[in-house]
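Everything below concerns the one structure shown next.
Every chain is numbered from 1, with letters handed out A, B, ... down the list of sequences. Basis for what follows: all heavy atoms, side chains included, without hydrogens, waters or symmetry-related copies.
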Amino acid sequence: MRAGVIVFPGTNCDRDTLEACQEFGWEAEYIWHNNPTSLALTPSPLRGEGWGEGACSQRKLFHPHPEFQALVPCAEIHPSSLKWAGRDADSGNESDNSLNKFDVIFIPGGFSYGDYVRSGALAKFSPVIEALKDYIENKRGFVVGICNGFQILCEAGILPGALTHNENLKFICKDVELGLGKRAGNYKLPCHCEERGMSDAAIQGINEENDDWIASLHFSNAPRNDMNCDASLFTPHSSLLTLPIAHAEGRYVADEKTIQELKEKNMIFLTYKDNPNGSVENIAGLYDKERRIIGMMPHPERAFFKELGNLDGQVIFEFIEHEFA
Amino acid sequence: MNKYKADIIVKLKNGVRDPQGSAIETVLKRVGLENNPKINAGKFFSIEIESENTQNAKEKLEKIADEVLSNPILEIYEIIRFEQV
């Protein structure tokens with residue numbers, strides 16, 4: 001799987017998202033919001049190559065495109081690892097102006113355009129969103145909007161409804177329990193429970209607990225990499241995920257007609273167990289009608305590494321991979 | 001080309017919850033400035049554009065207000081001042 005992570009001015013969850021994709025075994029690249037195929041960086045230094053000694057403190061972004069250089073002063077990337085999507089940094093050959101090389105495209109969290117006017121209000125006008133609409137129309141792959149990404153998808157009209165100020169007017173930053181929405185039809189995902197030594201009786205018990213398709217997901221899935229992971233790192237034996245949220249404008253709002261449609265077409269992807277922000281119907285995440293686009297307020301990429309004590313984010317990626325395949 | 005100036009306000013639609021307004025109400029009550037306030041908070045934009053004539057100017061302003069300054073799902077806009085400079 002090849003993933004693209006869109007970066008706007010003000011985006012700050014791009015690196016976490018990209019690292020999560022790589023951790024999951026996908027190839028991943030950044031996509032700059034403006035002129036998308038002229039600018040894609042191969043992120044090899046993030047995995048430890050090319051840093052050299054003393055590669056901490058004062059890192060500057062080296063990139064020939066002055067706009068990107070000015071706006072994203074972060075990690076140092078060795079010039080030889082720079083690669084423009086569809087052309088070499090040196091040769092400068094033209095390529096097609098599309099996102100078609102990607103199987104999945106992420107719109108990560110952060111504060112695109114400073115959340116000015118409204119969160120995502122200005123980002124929706126970037127050229128990459130036009131390219132994304134083509135990508136969606138061509139049914140090329142999956143789109144995942146996380147937090148600010150979800151806000152941008154709603155502002156752009158790609159997902160219905162809107163996200164606005166939390167009910168309590170606070171920036172909420174905490175772990176929340178979430179339920180995956182019901183899907184039409186029977187749907188079984190691969191179960192890794194045997195690898196983790198779960199007994200048949202325990203697996204049967206989960207299946208009987210609820211008839212929702214998510215019962216087959218078994219959130220005690222083993223992590224995909226070879227680390228020997230503690231079973232307690234996944235929310236055990238329940239139909240609930242635990243993921244962190246961090247937002248001030250996370251309250252989902254939609255009119256009656258839209259809500260009716262969301263329910264009828266099984267477009268509700270994630271719901272809060274204890275609604276933190278006043279979202280209608282406790283909605284934390286949505287599908288589009290075709291179920292090729294997900295928007296979600298919680299951050300799966302922040303629950304991806306055993307060092308952080310929660311691996312439930314990997315479940316979302318496993319789901320995406322399965323949906324796409 | 002003529003220059004036109006306009007002031008545009010953006011308000012929440014009736015029925016959309018306004019936590020900012022509620023927060024202000026709470027403070028007004030607490031401070032004693034008003035016992036039973038009702039407040040709806042909105043946004044104010046002051047814009048200057050160029051256009052061939054008044055008609056086109058107004059159309060352009062409406063487009064700006066509709067597509068950028070407000071989210072029609074939640075908000076309505078009002079052009080409260082308009083003049084040719």
Side-chain angles (χ1 to χ4, degrees), chain A residues 8 112-126 129-130 133 148 150-172 247-262 275-283 286 295, chain B residues 4-31 33-34 36-51 59-82:
Chain A
F8 294 93
S112 60
Y113 288 91
D115 279 358
Y116 294 147
V117 182
R118 295 176 307 279
S119 301
L122 300 179
K124 69 174 180 265
F125 293 109
S126 284
I129 297 295
E130 274 312 302
K133 286 180 177 172
N148 191 218
F150 185 14
Q151 291 161 338
I152 293 168
L153 287 171
C154 287
E155 279 282 335
I158 294 171
L159 287 175
L163 292 150
T164 186
H165 293 283
N166 295 339
E167 205 167 52
N168 64 1
L169 267 192
K170 292 181 186 168
F171 188 100
I172 303 171
H247 57 244
E249 281 99 5
R251 174 165 59 108
Y252 182 74
V253 171
D255 59 27
E256 272 304 315
K257 188 160 154 289
T258 305
I259 296 168
Q260 203 46 43
E261 193 186 9
L262 294 177
N275 194 329
N277 54 29
S279 290
V280 74
E281 299 290 324
N282 304 320
I283 286 170
L286 289 182
Chain B
Y4 297 87
K5 265 189 182 171
D7 289 343
I8 300 182
I9 59 172
V10 174
K11 302 198 287 201
L12 288 172
K13 286 180 172 168
N14 277 336
V16 178
R17 208 180 157 128
D18 181 11
Q20 279 192 99
S22 304
I24 301 170
E25 283 167 16
T26 302
V27 170
L28 288 182
K29 279 189 253 187
R30 188 196 305 152
V31 166
L33 278 168
E34 166 60 44
N36 196 17
K38 288 259 177 299
I39 306 231
N40 285 107
K43 293 179 189 165
F44 171 88
F45 300 93
S46 164
I47 307 190
E48 209 175 290
I49 55 165
E50 284 179 1
S51 196
E59 277 171 13
K60 190 191 276 196
L61 287 166
E62 304 221 326
K63 199 163 156 57
I64 290 172
D66 190 58
E67 291 184 14
V68 187
L69 302 180
S70 72
N71 181 339
I73 294 176
L74 297 166
E75 297 166 326
I76 51 172
Y77 67 86
E78 212 178 297
I79 302 179
I80 58 172
R81 194 169 75 92
F82 175 86

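- Within a 6.0 Å sphere centred on CD of A:Glu256, other residues, nucleotides and ligands contribute 12 heavy atoms or fewer.
- Residue A:Asn166 touches chain B through its backbone alone, counting heavy-atom pairs closer than 4.5 Å.
- Sparse packing is recorded around NZ of B:Lys5, with 12 or fewer heavy atoms of other residues, nucleotides or ligands lying under 6.0 Å away.
- Contact of B:Leu74 with chain A is made through the side chain alone, with heavy-atom distances under 4.5 Å.
- Taking each heavy atom of A:Lys124 and B:Glu67 in turn, the nearest pair found is NZ-O, 3.5 Å.
- The shortest non-hydrogen separation linking B:Val68 to A:Leu122 is CG1-CD2, 3.8 Å.
- For a heavy-atom cut-off of 4.5 Å, chain B lies close to A:Glu155 in residues 152-160 of chain A.
- Remark: B:Lys11 NZ is loosely packed, at most 12 non-hydrogen atoms of other residues, nucleotides or ligands lying under 6.0 Å away.
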Is there a side chain to side chain contact (heavy atoms under 4.5 Å, CB included) between B:Lys43 and A:Arg118 once you walk through the steps?
CA-CA 11 Å; B:Lys43 293 179 189 165; A:Arg118 295 176 307 279; 3.5 Å; yes
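- Here OG1 of A:Thr164 is found 7.5 Å from CD of B:Glu75. Values are rounded to the nearest 0.5 Å.
- Other residues, nucleotides and ligands contribute only 12 or fewer heavy atoms inside 6.0 Å of the NZ atom of A:Lys170.
- Atom OH of A:Tyr116 sits in a sparse spot, with 12 or fewer heavy atoms from other residues, nucleotides or ligands closer than 6.0 Å.
- Annotation: maximal heavy-atom pairing with chain A below 4.5 Å, among B:Ser70, B:Gly15, B:Ala23, occurs at B:Ser70.
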